[in-house]
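Being a predicted model, the structure only gives us computed values, none of them experimental.
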Amino acid sequence: PDEASNTLTAAAPEPASKPAPSQLPAQRPDQSLEILLAEDNLVNRKLALALLDRLGHRVTLAADGAEAIAAFAPSRFDLILMDMMMPGIDGLSAIARIREIEARETDQPGRHVTSIIALTAHAMQGDRERFLAQGADGYVGKPIRFEELKLAIDAAVKTDHHGTENHPTTKHSGERR
């Protein structure tokens with residue numbers, strides 16, 4: 001063999017016994033979700049986008065709570081990932097307004113039509129419960145980890161919050177960024 005092929009062979013990594021995160025299987029395209037990501041921090045936004053892309057989801061970005069509220073319409077998104085600490089309208093205020101819109105514009109008062117997962121670096125005891133009590137349906141801590149995010153998304157879209165099966169919407173309109 002020539003020198004180039006020896007170099008390539010020598011540089012090839014040994015197969016790992018456990019797949020690296022970048023080698024984890026992507027979500028199947030038929031399970032692709034329309035997700036609204038409300039995150040003001042550029043680094044966190046890039047990480048979340050990379051993870052969601054690996055899962056095969058389509059994402060609309062909002063840089064703060066006001067943009068998230070403006071982008072929201074009942075049944076437009078399968079899921080919202082909402083940062084809790086954003087300038088202007090914070091995550092909890094945005095969730096409250098989104099829940100008000102759902103109550104006003106849907107025929108299912110009291111039911112969370114769109115699942116919302118709180119994203120936060122808060123690790124204080126009681127924060128998770130507080131976010132859930134104020135309208136979030138799930139919670140993912142930062143830094144965001146692939147498996148935790150995947151599990152939270154799966155749990156959020158598997159059932160609605162009255163215990164019945166919930167399937168992602170199949171038709172969406174609106175521009176995606």
Side-chain angles (χ1 to χ4, degrees), residues 21 24-41 44-45 47-62 65 67-69 71-86 90-103 105-123 126-172 174 176-177:
L24 291 171
Q27 186 106 348
R28 293 191 337 244
D30 64 334
Q31 295 175 331
S32 181
L33 301 174
E34 291 290 338
I35 295 177
L36 174 60
L37 171 62
E39 173 62 66
D40 66 311
N41 180 283
N44 290 333
R45 191 167 47 231
L47 173 61
L49 282 171
L51 296 175
L52 293 168
D53 182 61
R54 207 157 82 209
L55 289 168
H57 301 309
R58 294 174 306 279
V59 179
T60 298
L61 293 174
E67 284 186 21
I69 294 164
F72 177 76
S75 299
R76 178 175 178 195
F77 298 102
D78 299 306
L79 179 73
I80 299 171
L81 296 174
M82 182 75 69
D83 179 23
M84 293 293 96
M85 299 294 292
M86 293 183 288
D90 67 7
L92 283 177
S93 298
I95 289 172
R97 290 201 188 162
I98 287 169
R99 295 302 184 216
E100 289 170 8
I101 294 167
E102 282 182 332
E105 295 184 13
T106 68
D107 58 357
Q108 302 172 31
R111 179 175 177 265
H112 296 178
V113 176
T114 305
S115 292
I116 302 175
I117 297 174
L119 301 175
T120 186
H122 281 271
D127 279 337
R128 179 182 191 281
E129 292 75 17
R130 181 170 57 97
F131 298 147
L132 296 177
Q134 293 186 26
D137 303 301
Y139 170 93
V140 172
K142 294 180 186 178
I144 301 169
R145 292 181 309 279
F146 181 82
E147 282 302 318
E148 183 181 3
L149 179 63
K150 184 178 183 319
L151 289 171
I153 290 172
D154 289 348
V157 298
K158 182 177 179 183
T159 58
D160 67 21
H161 303 285
H162 295 291
T164 57
E165 283 295 314
N166 186 24
H167 299 283
T169 55
T170 55
K171 293 184 180 182
H172 296 281
R176 302 286 175 256
R177 289 190 234 173

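Contact record, Ala68 with Ala62: N-CB, 3.5 Å, taken as the closest heavy-atom pair. The two residues Ala94 and Ile69 have their closest heavy-atom pair at CA-CD1, 3.8 Å. The shortest non-hydrogen separation linking Asp78 to Ser32 is OD2-O, 4.5 Å. When all heavy atoms of Gly138 and Leu132 are compared, the closest pair comes out as N-CD2, 3.5 Å. Pairing each heavy atom of Ala71 with each of Phe77, the nearest pair is O-CE1, 3.4 Å. When all heavy atoms of Ser75 and Thr114 are compared, the closest pair comes out as N-OG1, 4.2 Å.
Contact of the Asp137 side chain with the Leu79 side chain is not registered, since no non-hydrogen atoms from C-beta on lie closer than 4.5 Å. Gln134 places none of its side-chain heavy atoms less than 4.5 Å from the side chain of Ile95.
Remark: Met85 CE to Asn44 CG distance equals 12.5 Å, nearest 0.5 Å. Rounded to the nearest 0.5 angstrom, Leu81 CG and Ile35 CD1 are separated by 5.5 Å. If you take CZ on Phe72 and CD1 on Ile80, they are separated by 5.5 Å, rounding to the nearest 0.5 Å. Atom CG of residue Leu55 and atom NZ of residue Lys150 lie 6.5 Å apart, to the nearest 0.5 angstrom. One distance of note links CG of Leu61 with CG of Asp40; it measures 12.0 Å at 0.5 Å rounding. Atom CE of Met84 sits about 10.0 Å away from atom OH of Tyr139, to the nearest 0.5 Å.
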| message | What verdict does the side-chain contact (heavy atoms from CB on, under 4.5 Å) test give for Leu149 and Ile117, after you've listed the backbone C-alpha separation in whole Å, the side-chain angles of each residue and the deciding distance to 0.1 Å? | response | CA-CA 9 Å; Leu149 179 63; Ile117 297 174; 5.5 Å; no
| task | Determine, step by step, whether Asp127 and Thr120 satisfy the side-chain contact (heavy atoms from CB on, under 4.5 Å) criterion, reporting the C-alpha distance in whole Å, the side-chain angles of both residues, the deciding distance to 0.1 Å, and the verdict. | result | CA-CA 9 Å; Asp127 279 337; Thr120 186; 5.7 Å; no
| task | Might you work through the side-chain contact (heavy atoms from CB on, under 4.5 Å) test for Glu105 and Ile101, ending with a clear yes or no? | result | CA-CA 6 Å; Glu105 295 184 13; Ile101 294 167; 3.8 Å; yes
| query | Between Ile98 and Ile116, does a side-chain contact (heavy atoms from CB on, under 4.5 Å) hold up when you go through it step by step? | reply | CA-CA 10 Å; Ile98 287 169; Ile116 302 175; 4.0 Å; yes
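The existence of a salt bridge linking Lys142 and Asp83 is confirmed by a sub-4.0 Å separation between a basic side-chain nitrogen and an acidic carboxylate oxygen. For Glu102 and Arg99, the salt-bridge test passes: some basic side-chain N is under 4.0 Å from an acidic carboxylate O.
Residues forming a side-chain contact (heavy atoms from CB on, under 4.5 Å) with Leu151 (at least two apart in sequence, or on another chain): none.
Just one residue in the list Arg58, His57, Arg76 forms a side chain to side chain donor-acceptor pair (under 3.5 Å) with Glu34, and that residue is Arg58.
Sparse packing is recorded around CZ of Arg97, with 12 or fewer heavy atoms of other residues, nucleotides or ligands lying under 6.0 Å away.
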